Amino acid sequence: MANEQMKREFETVDEYIEVQPETAQRVLSQVRSAIRKAVPEADESISYKIPTYKLNGERLLYFAGWKRHYSLYPATKRLLTAFKDDLKPYEVVKSTVRFSLAEPVPAKLIERIAKFRAQEINGARKS
């Protein structure tokens, strides 16, 4: 899956999800839904060959599917501190949070993360 996605140019998030294995398609669709539910005004596109959400022109979140996990980016220092306990079951590497494809999607957590990132962006704009 990873090699396939890194070689292809995707036009839409639908196209990105469609080329993933069936199990990953369901998971990534749930991740997408959680982000869209949390921040419906975010613009959805493809950037760096992965699904991307921007708010007011600023990067809100990216997600990507891999062989055994999917990832959310960017996990800012403030976000990692605020969600420290919630993220304990997941692998966090630098600004990436990795979730296992074999586990249920923590949709409520992803919604909270998306809302937090929106607040970070909106707070920075007011400064």
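Because the structure is a prediction, the values reported are computed rather than measured.
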ring-ring contact (aromatic ring centres under 6.0 Å, His included) involving Phe116 - partner list, sequence neighbours excluded
Phe83
Minimal heavy-atom distance between Ile17 and Ser29, with the atoms involved, is CG2-OG, 3.7 Å
Residues passing the ring-ring contact (aromatic ring centres under 6.0 Å, His included) test with Phe99, sequence neighbours excluded, are Tyr70, Tyr90
Could you tell me if the side chain of Val13 sits less than 4.5 Å from the side chain of Leu28, heavy atoms only?
no
Any donor-acceptor pair under 3.5 Å from Tyr16 side chain to Gly65 backbone:
yes
Distance-minimising heavy-atom pair for Ile121 and Arg59
CD1-O, 3.4 Å
Sequence-distant partners of Glu18, side chain to side chain donor-acceptor pair (under 3.5 Å), two or more places apart
none
Determine the minimum heavy-atom distance between Lys37 and Pro40, stating which atoms define it.
O-CD, 3.6 Å
Hey, are the side chains of Pro51 and Tyr62 touching, using non-hydrogen atoms and a 4.5 Å cut-off?
no
Cluster question for you: counting only ILVMFWY and a side-chain heavy-atom cut-off of under 4.5 Å, with indirect links fine, are Trp66 and Tyr48 together?
yes
Hits for side-chain contact (heavy atoms from CB on, under 4.5 Å) against Glu41, two or more places apart or cross-chain, chain-then-number order -> Val39, Leu55
For Leu60 and Ala42, which heavy atoms make the closest approach, and how far apart are they?
CD2-CB, 3.9 Å
Below 4.5 Å, heavy atoms only, C-beta onward: do Lys108 and Glu111 meet side chain to side chain?
yes
Just grab all the side-chain hydrogen bond (donor to acceptor under 3.5 Å, both in side chains) pairs involving residues 93-104, residues at least two apart or on different chains.
Glu91-Arg98
Taking C-beta and beyond as the side chain, do Ile35 and Ile113 meet within less than 4.5 Å on heavy atoms?
no
Output all residues satisfying side chain to side chain donor-acceptor pair (under 3.5 Å) with Arg32, sequence neighbours left out; order by chain, then residue number.
Asp14, Glu44
Any chance you could lay out the side-chain contact (heavy atoms from CB on, under 4.5 Å) test for Thr76 and Arg117, step after step, and finish with the verdict?
CA-CA 8 Å; Thr76 62; Arg117 286 287 301 131; 3.5 Å; yes
Compare every heavy atom of Glu9 with every heavy atom of Glu15, then report the nearest pair and how far apart it is.
OE2-O, 3.6 Å
Phe63 and Ile110, any side-chain heavy atoms less than 4.5 Å apart:
no
Could you pull out the closest heavy-atom pair between Thr52 and Ile46, with the gap in Å?
OG1-C, 4.0 Å
Charged N-O contact under 4.0 Å between Arg26 and Glu22:
yes
